[in-house]
**Student:** 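The structure is given below, and queries will be raised subsequently.
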Amino acid sequence: MQKIVSLCKRRGFVFQSSEIYGGLKSAYDYGPMGVELKRNIIHEWWRAMVHSREDIVGLDASIMMHPEVWRASGHLASFSDPLVDCKVCGERFRADKAPRAEPGSEAIITLSDKGKAKLALEKVAKTIGVELAREGKTLRGAHASDRGYVCSNCGSPFLSEERQFNMMFRTNLGPVDPIGRAVEEVMALIERSPAASPETAAELKTLLARAVTDSAVYLRPETAQAMFVNFMNIVQSNQMSVPFGIAQTGKSFRNEITVEHFIFRSCEFEQMEMEYFVPPGEGPKWMEYWKSERVRWWKAIGLRPENLRLRAHEPDELAHYSDGCYDVEYKFPWGWDELEGIASRTDYDLTAHTKGSGKKLSYFDPEATDPETGKKGWRYVPHVVEPAAGATRGMLAVLCDAFDDSEPSEEGKPQRIVLRLRPRIAPIKCAVLPLVKKDGMPEAGRKIVEEFLAAGINSSYDEQHAIGKRYARHDEVGTPYCLTVDGQTKEDGTVTIRDRDTRAQQRIPVKAALEVVIEALRKG
RNA sequence: GCGGGAGUAACUCAGUUGGUAGAGUGCCAGCCUUCCAAGCUGGGAGUCGCGAGUUCGAAUCUCGUCUCCCGCUCCA
């Protein structure tokens with residue numbers, strides 16, 4: 001993994017955001033190679049999901065939406081989980097997932113070793129004023145509070161207040177600074193009740209929350225909601241008939257509790273989501289269809305089958321909106337992890353937005369038979385099957401899968417690294433290299449690049465350093481073909497074409513080389 | 001967020017008991033070069049992560065802070 005991160009920086013795929021200022025956690029910038037790779041992956045997705053079929057149309061919605069969208073979808077509620085800090089071991093955990101403990105029952109605190117237990121003993125005595133008894137690394141004598149749970153790490157009942165932790169990024173729409181309003185509220189409150197008291201604190205909290213949330217909008221935590229909200233617009237403007245899908249790619253934002261594994265989990269990430277609307281009852285059928293379709297696609301962009309698997313969600317890990325979910329998982333260097341979730345969202349979202357907005361979000365099929373009346377013509381709320389893939393994650397998986405440094409290195413030479421990317425997603429399709437920088441070779445080379453560019457093939461001309469170094473550099477960014485211009489080129493118009501994976505070279509006319517590259521792109 | 005490790009040039013790393021900052025690779029300019037990162041000459045490059053403290057003097061010792069990596073919790 002370290003090698004991949006290092007290659008990404010060295011060759012211009014991914015840089016850490018704001019690096020010269022010390023970097024910003026969990027934010028990454030995509031360099032010249034990275035932007036090509038990511039766009040190519042997203043483009044392949046769009047081609048597979050939208051352009052190569054008639055039943056799916058695209059959408060590009062704004063990132064900020066009406067705040068009621070998130071209330072209706074359940075994100076405002078389920079993204080604000082009550083978090084608690086343990087005063088003994090410092091662990092932060094979700095109150096609703098903590099171990100239950102009968103109020104008043106003994107709570108045994110277990111630390112990782114005796115030293116920590118000793119320190120904890122003193123800490124509890126000093127800060128909380130409770131004397132406990134120590135036996136090795138466990139502390140006895142504490143009792144569970146009437147909250148009914150204890151620390152998920154050490155078992156202590158000495159906990160901070162529950163705090164809401166909103167996973168959505170909140171900002172404020174409008175030119176009026178909410179801080180200004182908050183200040184006014186505070187000043188008014190001080191005048192009303194100058195003494196500090198728990199009641200004043202509670203009132204202050206309410207006032208401040210209102211000052212901030214009145215103009216609050218959220219950065220979308222998923223692109224999906226825009227597709228539900230625009231359901232009727234799209235049905236009516238494009239005469240879509242069920243089953244059909246709406247596809248969208250774009251950035252989403254989540255305040256993750258932890259960010260990790262390079263670009264794998266970051267607060268700002270890019271999604272490729274599609275909502276497929278089907279008649280009630282046909283959900284399972286389409287789940288099966290999209291499961292195989294999506295795995296097929298990941299293989300098509302180059303991931304090895306042995307590194308891909310489908311995993312069914314356990315009932316207890318299903319999201320609030322879902323009655324069935326499969327993850328497409330990839331075997332990353334740190335283990336199996338999720339690339340895409342294929343979820344049956346039932347009619348949850350359309351129903352929720354019907355309730356939230358008061359607008360009817362349903363579909364009328366004049367041909368279908370209404371199962372209740374037995375008559376022709378059926379109005380229903382479609383069910384949704386959602387393949388939601390991570391573009392950012394996809395790119396990391398592609399990089400991991402293509403990365404190859406297994407070739408034994410020769411004495412005294414640096415390790416050869418090759419990115420074995422499929423031609424279609426490779427940032428540069430073809431590099432044109434003059435063997436030496438003289439005898440008209442640079443001019444001939446540039447002419448060839450122009451020809452390739454005119455044919456719509458992203459190519460690059462490179463004359464720096466010795467030929468071997470240039471080959472190595474292009475191997476590292478995954479360029480599938482290198483054309484080398486030599487002395488013979490100006491005599492008979494031929495070049496040598498070098499295959500990245502085999503390093504085999506062949507002398508062919510420039511025109512034939514163009515055909516080879518075009519054919520490779522056609523195949524994938 | 002907690003525990004463990006790390007941060008010195010673009011990269012990989014040296015740097016002695018505290019005494020003015022080093023190498024290789026890369027990069028830039030020029031020369032030379034006819035096929036897989038090894039030629040020659042010259043050049044630029046470092047707030048030693050950041051901020052305090054101890055000291056006559058800190059890359060080196062202490063504290064704080066930020067960032068990254070490895071383990072625990074959730075998502076695409």
Side-chain angles (χ1 to χ4, degrees), chain A residues 1-2 5-7 9-11 15-27 78-79 81 83-86 89-94 97-98 111-113 116 151-154 165 167 221-224 251-252 254-262 264-267 269-273 313 317 319 325 327-329 333-334 337-343 386-394 396 409-417 433-439 441 464-476 482 484-489 496 498 500 503-505 507:
Chain A
M1 189 63 191
Q2 193 50 51
V5 175
S6 155
L7 175 71
K9 187 183 171 189
R10 185 155 40 91
R11 292 297 177 214
F15 308 118
Q16 189 177 16
S17 164
S18 322
E19 197 179 7
I20 61 168
Y21 284 100
L24 179 65
K25 199 193 306 212
S26 166
S78 79
F79 271 151
D81 300 319
L83 292 186
V84 173
D85 291 325
C86 175
C89 70
E91 178 79 0
R92 170 174 291 179
F93 58 93
R94 282 178 58 171
K97 297 236 169 144
L111 282 302
S112 55
D113 58 60
K116 295 242 171 68
C151 172
S152 62
N153 181 49
C154 70
F165 184 79
M167 277 192 149
E222 61 174 23
T223 63
K251 293 258 174 108
S252 295
R254 289 181 196 174
N255 261 320
E256 298 289 349
I257 300 172
T258 50
V259 293
E260 59 187 359
H261 300 313
F262 195 37
F264 181 80
R265 178 186 288 120
S266 47
C267 293
F269 58 103
E270 199 150 356
Q271 295 187 295
M272 308 186 290
E273 293 196 295
H313 271 209
E317 55 177 327
C325 186
D327 282 350
V328 180
E329 293 190 329
W334 62 87
D337 223 329
E338 183 182 3
L339 273 183
E340 173 163 358
I342 301 164
E386 173 198 76
T392 329
R393 289 182 175 189
L396 183 57
S409 70
E410 290 172 49
E411 180 67 23
K413 288 191 179 181
Q415 178 69 51
R416 180 175 185 245
I417 295 174
L433 320 169
L435 189 54
V436 290
K437 208 163 38 172
K438 62 172 191 181
D439 297 339
M441 291 179 206
Q464 293 283 328
H465 303 290
I467 188 75
K469 289 193 184 186
R470 284 177 267 163
Y471 288 145
R473 200 156 54 222
H474 279 287
D475 286 341
E476 286 197 348
C482 290
T484 304
V485 176
D486 58 17
Q488 203 180 321
T489 305
T496 56
R498 171 187 179 272
R500 175 196 67 204
R503 291 208 256 184
Q505 280 182 290
R507 177 169 290 279

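Below, chains carry the letters A, B, ... as their sequence lines are ordered, and counting in each starts from 1.
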**Student:** Go through the structure and list residues passing side chain to side chain contact (heavy atoms under 4.5 Å, CB included) with A:Ala27, not counting sequence neighbours.
**Tutor:**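 In terms of side chain to side chain contact (heavy atoms under 4.5 Å, CB included), with neighbours along the sequence ignored, A:Ala27 is linked to A:Ser17, A:Leu24.
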**Student:** Toward the 5' end of RNA chain B, which comes first, A:Ala504 or A:Ser266, by nearest nucleotide?
**Tutor:**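 The residue closer to the strand's 5' end, by nearest nucleotide, is A:Ala504.
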**Student:** From CD of A:Gln16 over to P of B:rG7, roughly how many Å is that when rounded to an integer?
**Tutor:**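 Those two atoms, CD and P, are 17 Å apart.
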**Student:** Would you measure the distance from the P atom in B:rU16 across to the matching atom in B:rG4 and give it in whole Å?
**Tutor:**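 So the two P atoms sit 26 Å from each other.
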**Student:** Rounding to an integer number of angstrom, what distance separates B:rC35 and B:rA29 when you compare their C1' atoms?
**Tutor:**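 Their C1' atoms lie roughly 26 Å apart.
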**Student:** Quickly work out the A:Glu270 CD to B:rA76 C1' distance and round it to whole Å.
**Tutor:**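 It works out to 12 Å between those atoms.
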**Student:** Taking only the C1' atom of each, what is the distance from B:rU47 to B:rC40 in whole angstrom?
**Tutor:**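 Their C1' atoms lie roughly 35 Å apart.
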**Student:** About how many Å separate CE of A:Met1 and OG of A:Ser6, when rounded to the nearest 0.5 Å?
**Tutor:**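 Separation between the atoms: 11.5 Å.
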**Student:** Are OP1 or OP2 of B:rA10 and a side-chain N or O of A:Lys9 less than 4.0 angstrom apart?
**Tutor:**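 Looking at the OP1 and OP2 atoms of B:rA10, neither is under 4.0 Å from any side-chain N or O of A:Lys9.
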**Student:** Any protein N or O atoms within reach of nucleotides 25-29 of chain B? Criterion: under 3.5 Å, listing atom names and distances.
**Tutor:**
| unit_1 | atom_1 | unit_2 | atom_2 | d |
| --- | --- | --- | --- | --- |
| B:rG26 | OP1 | A:Lys469 | NZ | 2.7 |
| B:rC27 | OP1 | A:His465 | NE2 | 2.8 |
| B:rC27 | OP2 | A:His465 | NE2 | 2.8 |

**Student:** Taking the P atom of each, how far is B:rC31 from B:rG24, in whole Å?
**Tutor:**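 Here B:rC31 and B:rG24 have their P atoms 25 Å from each other.
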**Student:** Rounded to whole Å, how long is the line connecting atom CZ of A:Arg265 with atom P of B:rG71?
**Tutor:**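 Spelled out: CZ on A:Arg265 to P on B:rG71 is 13 Å.
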**Student:** When you measure from the side chain of A:Arg254 to the backbone N and O of A:Cys267, does any donor-acceptor pair fall under 3.5 Å?
**Tutor:**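 The answer is no, because no donor-acceptor pair under 3.5 Å joins these two groups.
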**Student:** Pick the C1' atom in B:rG42 and in B:rG49, then give their distance to the nearest Å.
**Tutor:**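 B:rG42 and B:rG49 have their C1' atoms separated by 33 Å.
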**Student:** Walk me through it: do A:Asp475 and A:Arg498 pass the test salt bridge (charged side-chain N to carboxylate O under 4.0 Å, His left out)?
**Tutor:** CA-CA 11 Å; A:Asp475 286 341; A:Arg498 171 187 179 272; 2.9 Å; yes
**Student:** Excluding sequence neighbours, so at least two apart, what forms side chain to side chain contact (heavy atoms under 4.5 Å, CB included) with A:Glu329?
**Tutor:**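 Expected list: A:Arg309, A:Arg311, A:Asp327, A:Trp336.
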**Student:** Using a distance-only criterion (donor-acceptor N/O pair, under 3.5 Å, no hydrogens), is the base of B:rC11 paired with the side chain of A:Arg11?
**Tutor:**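 Under the 3.5 Å cut-off, the side chain and the base do not form any donor-acceptor pair.
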**Student:** How close or far is atom C1' of B:rA76 from atom CZ of A:Phe269, stated in whole angstroms?
**Tutor:**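 It is 6 Å, rounded to the nearest whole Å.
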**Student:** How far, in whole Å, is B:rU41 from B:rC56 if one measures between their C1' atoms?
**Tutor:**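 Those two atoms are separated by 44 Å.
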**Student:** Can you measure A:Ile417 atom CD1 to B:rC36 atom C1' for me and round it to whole angstrom units?
**Tutor:**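 Going from CD1 in A:Ile417 over to C1' in B:rC36 covers 15 Å.
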**Student:** I'd like to check the side chain to side chain contact (heavy atoms under 4.5 Å, CB included) partners of A:Ser252; sequence neighbours left out, ordered by chain and number.
**Tutor:**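 A:Ser252: side chain to side chain contact (heavy atoms under 4.5 Å, CB included) contacts with A:Arg220, A:Thr223, A:Phe269, A:Gln271.
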**Student:** Which residue, A:Gly390 or A:Arg470, contacts RNA chain B at a nucleotide closer to its 5' end, judged by nearest heavy atom?
**Tutor:**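 Comparing both residues, the 5'-ward one is A:Arg470.
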**Student:** Taking CD from A:Glu340 and P from B:rA76, how many angstroms apart are they, rounded to a whole number?
**Tutor:**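 Between P of B:rA76 and CD of A:Glu340: 11 Å.
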**Student:** Does the structure show a Watson-Crick or G-U wobble partner for B:rC61, both distances under 3.5 Å? Name it, or say none.
**Tutor:**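 B:rC61 is paired with B:rG53.
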**Student:** When you measure from the side chain of A:Arg393 to the backbone N and O of A:Glu338, does any donor-acceptor pair fall under 3.5 Å?
**Tutor:**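 The answer is yes, because a donor-acceptor pair under 3.5 Å joins these two groups.
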**Student:** Can you classify the ring geometry of A:His261 versus A:Trp334 as parallel (below 30°), tilted (30 to 60°) or perpendicular (above 60°)?
**Tutor:**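 The rings of A:His261 and A:Trp334 lie parallel, inter-plane angle below 30°.
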**Student:** Checking base pairs now: Watson-Crick or wobble, both atom distances under 3.5 Å. What partners B:rU12?
**Tutor:**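 Checking every strand shown, B:rU12 finds its partner in B:rA23, with both distances under 3.5 Å.
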**Student:** The side chain of A:Ala472 is closest to which nucleotide in this list: B:rA76, B:rG71, B:rA37?
**Tutor:**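 Ranking B:rA76, B:rG71, B:rA37 by closest atom to the A:Ala472 side chain puts B:rA37 first.
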**Student:** Considering only nitrogen or oxygen atoms on both sides, find all protein atoms under 3.5 Å from nucleotides 31-35 of chain B and state each distance.
**Tutor:**
| unit_1 | atom_1 | unit_2 | atom_2 | d |
| --- | --- | --- | --- | --- |
| B:rC35 | O2 | A:Tyr471 | OH | 2.6 |
| B:rC35 | O2 | A:Gln505 | OE1 | 3.1 |
| B:rC35 | O2 | A:Gln505 | NE2 | 2.9 |
| B:rC35 | N3 | A:Gln505 | NE2 | 3.3 |
| B:rC35 | N4 | A:Asp486 | OD2 | 3.1 |
| B:rC35 | N4 | A:Thr496 | OG1 | 3.4 |

**Student:** Taking side chain as C-beta onward, heavy atoms only, is A:Cys482 less than 4.5 Å from A:Arg500?
**Tutor:**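 Counting from C-beta outward, A:Cys482 and A:Arg500 never come under 4.5 Å.
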**Student:** Could you please name the partner base of B:rA6, counting Watson-Crick and G-U wobble pairs only when both distances are under 3.5 Å?
**Tutor:**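 For B:rA6, the partner nucleotide comes out as B:rU67, under the 3.5 Å rule.
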**Student:** Mind checking A:Thr223 for me? I need base, sugar-phosphate or nothing, with any heavy atom below 4.0 Å counting as a touch.
**Tutor:**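 Result for A:Thr223 = nothing.
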**Student:** Taking the P atom in each of B:rU8 and B:rA14, what is the distance between them to the nearest angstrom?
**Tutor:**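 It comes out at 10 Å once rounded to the nearest Å.
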**Student:** Could you tell me whether A:Leu433 contacts a base, only the sugar-phosphate backbone, or nothing, with contacts defined as non-hydrogen atoms closer than 4.0 Å?
**Tutor:**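 It contacts nothing in the nucleic acid.
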**Student:** Can you name the residues that form a side chain to side chain contact (heavy atoms under 4.5 Å, CB included) with A:Lys251, not counting sequence neighbours?
**Tutor:**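 For A:Lys251 the side chain to side chain contact (heavy atoms under 4.5 Å, CB included) partners, ignoring immediate neighbours, are A:Ile63, A:Phe253, A:Glu268, A:Glu270.
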**Student:** Quick one: A:His261 NE2 to B:rC72 C1', roughly how many Å, whole number?
**Tutor:**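 The distance from NE2 of A:His261 to C1' of B:rC72 comes to 12 Å, rounded to the nearest Å.
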**Student:** Ignoring hydrogens and geometry beyond distance, is the side chain of A:Arg416 in donor-acceptor contact with the base of B:rC36 at under 3.5 Å?
**Tutor:**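 When only heavy-atom distances are counted, A:Arg416 does not reach the base of B:rC36 through any donor-acceptor pair under 3.5 Å.
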**Student:** Taking only the C1' atom of each, what is the distance from B:rG46 to B:rA59 in whole angstrom?
**Tutor:**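 Straight-line distance between the two C1' atoms is 11 Å.
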**Student:** Reckon A:Phe15 touches a base, only the sugar-phosphate, or nothing at all at heavy-atom distances under 4.0 Å?
**Tutor:**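 The answer is nothing, as A:Phe15 stays clear of every strand by at least 4.0 Å.
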**Student:** Is it the case that the side chain of A:Arg470 and the backbone of A:Leu433 share a donor-acceptor pair, with hydrogens and angles ignored and the cut-off at 3.5 Å?
**Tutor:**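 A pair under 3.5 Å: no.
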**Student:** Rounded to whole angstrom units, what separation is found between the CG atom of A:Asp475 and the C1' atom of B:rA37?
**Tutor:**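 A:Asp475 atom CG is separated from B:rA37 atom C1' by 10 Å.
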**Student:** Will you find, in the side chains of A:Arg507 and A:Gln488, an N or O donor that is under 3.5 Å from an N or O acceptor?
**Tutor:**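 Looking only at side-chain atoms, A:Gln488 and A:Arg507 do form a donor-acceptor pair, the distance falling under 3.5 Å.
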